[in-house]
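Presented below is the structure to which this report refers.
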Number of protein chains: 4
Amino acid sequence: MEDKRSSIIAAAAEVIDKWGSQFTMDMVAQQAGVAKGTVYLYFASKQDLLLSMIMEGLQELEQGLKDAVVGCKDAGGKLAAIVTAHYQMVISKAPLFIKLVSQDPMLFREARPEILPYLKGIEGVYADVLKQGVQEGCFGGINPEITGIILLTLVHNAAASCSIFRPDLSAEAVLEQVHTLIFQGINAAPQLAFKNLLQEGKTCKV
Amino acid sequence: MEDKRSSIIAAAAEVIDKWGSQFTMDMVAQQAGVAKGTVYLYFASKQDLLLSMIMEGLQELEQGLKDAVVGCKDAGGKLAAIVTAHYQMVISKAPLFIKLVSQDPMLFREARPEILPYLKGIEGVYADVLKQGVQEGCFGGINPEITGIILLTLVHNAAASCSIFRPDLSAEAVLEQVHTLIFQGINAAPQLAFKNLLQEGKTCKV
Amino acid sequence: MEDKRSSIIAAAAEVIDKWGSQFTMDMVAQQAGVAKGTVYLYFASKQDLLLSMIMEGLQELEQGLKDAVVGCKDAGGKLAAIVTAHYQMVISKAPLFIKLVSQDPMLFREARPEILPYLKGIEGVYADVLKQGVQEGCFGGINPEITGIILLTLVHNAAASCSIFRPDLSAEAVLEQVHTLIFQGINAAPQLAFKNLLQEGKTCKV
Amino acid sequence: MEDKRSSIIAAAAEVIDKWGSQFTMDMVAQQAGVAKGTVYLYFASKQDLLLSMIMEGLQELEQGLKDAVVGCKDAGGKLAAIVTAHYQMVISKAPLFIKLVSQDPMLFREARPEILPYLKGIEGVYADVLKQGVQEGCFGGINPEITGIILLTLVHNAAASCSIFRPDLSAEAVLEQVHTLIFQGINAAPQLAFKNLLQEGKTCKV
DNA sequence: AATGAATGAGTATTCATTCAT
DNA sequence: AATGAATGAATACTCATTCAT
């Protein structure tokens, strides 16, 4: 049944959450409540299991980002929604997502061909919104594709790093700063002035 | 001699570059051209070797960032210099620096106490510049400490991820986008307009 | 199966017989005709294997001593039976029993808590017979508990030492002397005189 | 100098006392305050060091036993003196003496040829006294040679075992029981009766 | 004579994977 | 489909011994 396959993946996620990359197939089997041999009926190898998890995780993430933009019209709103959703998904699934990007590099080097489409899919979500923003004129000075990757990386690692290394920082505070950085950069002050100026409907004489 | 210790670390860096976290002490010894036992004369264990490398790498990185700001007066110039230096150091030492942040999380969880001071040191370099910028009024809307960590993470992972996952992207193009994002955020266009406006010496009526 | 566990213990006994404490787990596995990993299915570690052997050996020994006294009524007969049985069991299982007492002392120092009950059990067999003898008046001048330990040690080591260091001495001759020493001490002559005197039914005026 | 050789042996004794058979040549060198290589100037190998210690220890023991009988005339007094001296020497040097007899059997099996003369020497001390006693008529019913070995073993292991396994028993109480056993055997009561009878100067009618 | 850095054979233990049932 | 006993290659670490200085 597909049920068993899913329950093994769920068990693996829990085990990885607890043991990191030190997890063993025994742990997975025990957590899933099946025999070791059974795991091998559904996954050809440990690496296959890991790859399956990564791919499912990335798919889920992509879907989550796509769901987040539903109902948003303007590019800015979409990007904000994506960033927030992405950040929260990483926070809630930190251990797994850390694996996704920072798992043993050898795995990625060898597995890239299989994983790449999924990564591209997520990059695409970011890139599409950025392109829309550029076309709409509200984003500028950026290369949508490259900045998409950077944002993806930024959000992902800000969430992961902070949740691991800085448990003292509140997730909300970090997220807020991420938004500020993304939307206004470091030079927020003059820009805010400019924004206020625009909001007040006053013209800007040249 | 300290020479041998250094050569073992260098050998380890090469081996890690090639094999990731799957490296063995035998590989290190062979690469260093010494016997296995010799490695253990200089490092108490594999973990000790790894920690030593991480700490030396972080120290070197901190020094590199501090060197980069020498001669820069204003906070903006300093930050640009730090970002560029950091990015390039990561690019040139990617495999090692990936270990620094994405090595087996268990190592970090257990070893954090020893590594934390070094991480704090680097975070401090970023935070100091951001604080200066906020005081000088050229940076705004940010929490220097948190944004320092975010920037550190951003630069670090943008460099690492791109060099690993997207060898097709030029390092320079990515760096440029990183700078743009950091200094102007995503909404570069209006800001650029504002900048141009300022540069042209024209006043901005309210 | 319990069969395999037993066969591993049997193999270990043979290997220890041949190699002493220098035995390796590889040797045990090879002797048992199983893979190295299989040994670890039944014993958690080398020390666990050793402890298991010791405890099983002591249990077997205790049972052997208890079996030996069945059918004996008087304390003297019981003690003689115990001594003989003990002596022969040690002779036939010398290598293992040497481990029991003369194995790496560190093992005993650390493991004592687990082994102690088994040693106490054997000491108890001796002590019980001695107590009975004292009550019956046929033994005297002794502390049953301490002398029990001494006899245990005496028989054990006389058997072990002689079988190792003096293969030239016949086991029977040594056993005979052990009996003589235990029952009559060194001053056998006068006592024998006394005994003869009693046997001849002649009274001993006071 | 012979001084250094002695100091290395002394250091080894301390290290063995502390670490048992787990001791390493490094420990010995460090304890002796010399370089590892220096140890190998005086002893060809670890086994050689161990053998030298054993042989010196046995020589010292033999000398101690011989010293103990000085001034004793009758065989009974001599034996009592030997037993007491032997017992005390083992107690005070337990760890080393345990090595002497219960060290890794492989060592003894291989080294027996070299050690045997020293063991024979000690056995001889016991045997000589027993022979004297038999000739003088105060000891009887025994084979001096075999019983010599048994007594040697008895005293040695009673002391060693009790000091290791039964720290709760006082050394004096154990020694007393050893004496009782040796001189009167287990049937102390009738013998005592006989003794009393003799002491009272009363004749024993046949 | 003395040193101690270097060696490398040796060993306990782990764990992904297989396969007979 | 499911099991779990068995496998054995792989690996970190130790330590007696050597030898250039």
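Owing to the predicted nature of the structure, the values given are computational and were not obtained by experimental measurement. Heavy atoms only: backbone and side chains are in, while hydrogens, waters and symmetry mates are out. The sequence lines fix the lettering, A, B, ..., with proteins before strands; numbering per chain opens at 1.
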Using a cut-off of less than 4.0 Å, is there contact between a side-chain N or O of [X] and OP1 or OP2 of [N]?
| X | N | answer |
| --- | --- | --- |
| Tyr42(D) | dA2(E) | yes |
| Lys36(A) | dA5(F) | no |
| Tyr40(B) | dC15(F) | no |
| Thr38(A) | dT3(F) | yes |

Checklist line | Pairing of Glu56(A) and Arg5(A) as salt bridge, 4.0 angstrom limit | finding: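 Between Arg5(A) and Glu56(A) there is a salt bridge, with a charged N closer than 4.0 Å to a carboxylate O.
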How long is the line joining [atom1] of [X] and [atom2] of [N], in whole Å?
| X | N | atom1 | atom2 | answer |
| --- | --- | --- | --- | --- |
| Leu50(B) | dC13(F) | CG | P | 11 Å |
| Gln22(A) | dA12(F) | CD | P | 12 Å |
| Gln47(D) | dA16(F) | CD | P | 13 Å |
| Asp26(D) | dT18(F) | CG | P | 15 Å |
| Lys46(D) | dG10(E) | NZ | P | 16 Å |
| Gln30(D) | dA5(E) | CD | P | 13 Å |
| Leu49(D) | dT17(F) | CG | P | 10 Å |
| Asp48(B) | dA12(F) | CG | P | 14 Å |

Margin query: Measuring only between side-chain heavy atoms, which start at C-beta, is Ile9(B) closer than 4.5 Å to Tyr42(B)?
Written below: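 No, too far: nothing below the 4.5 Å cut-off.
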Checklist line | dA20(F) - base-pair partner by Watson-Crick or wobble geometry, distances under 3.5 Å | finding: dT3(E)
Next item on the list: May I ask which nucleotide in the shown strands pairs with dT11(E), Watson-Crick or G-U wobble, both distances under 3.5 Å?
Entry: dA12(F)
Item checked: Upstream residue (5' side of DNA chain E) when Val34(D) and Val34(B) are each assigned their closest nucleotide -> Val34(D)
Item checked: Most 5' of Gly33(B) and Met25(C) on DNA chain E, judged by nearest nucleotide ->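 Its nucleotide being nearer the 5' end, the pick is Gly33(B).
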Item checked: Nearest non-hydrogen partners of Lys46(B) and Phe23(B), listed with the distance -> NZ-O, 2.8 Å
Check: Counting distance only, does the side-chain N/O of Thr38(B) pair as donor-acceptor with the main-chain N or O of Val34(B) below 3.5 Å?
Finding: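 It does not hold such a pair.
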Item checked: DNA chain F: 5'-proximal contact among Thr24(D) and Ser45(B) (nearest heavy atom) -> Ser45(B)
Next item on the list: Starting from the 5' end of DNA chain F, give me the residue, Ala35(A) or Ala44(D), whose nearest nucleotide shows up first.
Entry: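 So the residue in question is Ala35(A).
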Margin query: Looking only at the side chain of Leu41(C) (C-beta and beyond, no hydrogens), which of the listed nucleotides dA12(F), dA6(E), dT7(F) gets closest?
Written below: dT7(F)
Note to self: With side chain to side chain contact (heavy atoms under 4.5 Å, CB included) as the criterion, how do Leu49(A) and Met25(A) come out once you've worked through the C-alpha distance, each side chain's angles and the decisive distance to 0.1 Å?
What the structure shows: CA-CA 10 Å; Leu49(A) 169 60; Met25(A) 292 300 263; 4.1 Å; yes
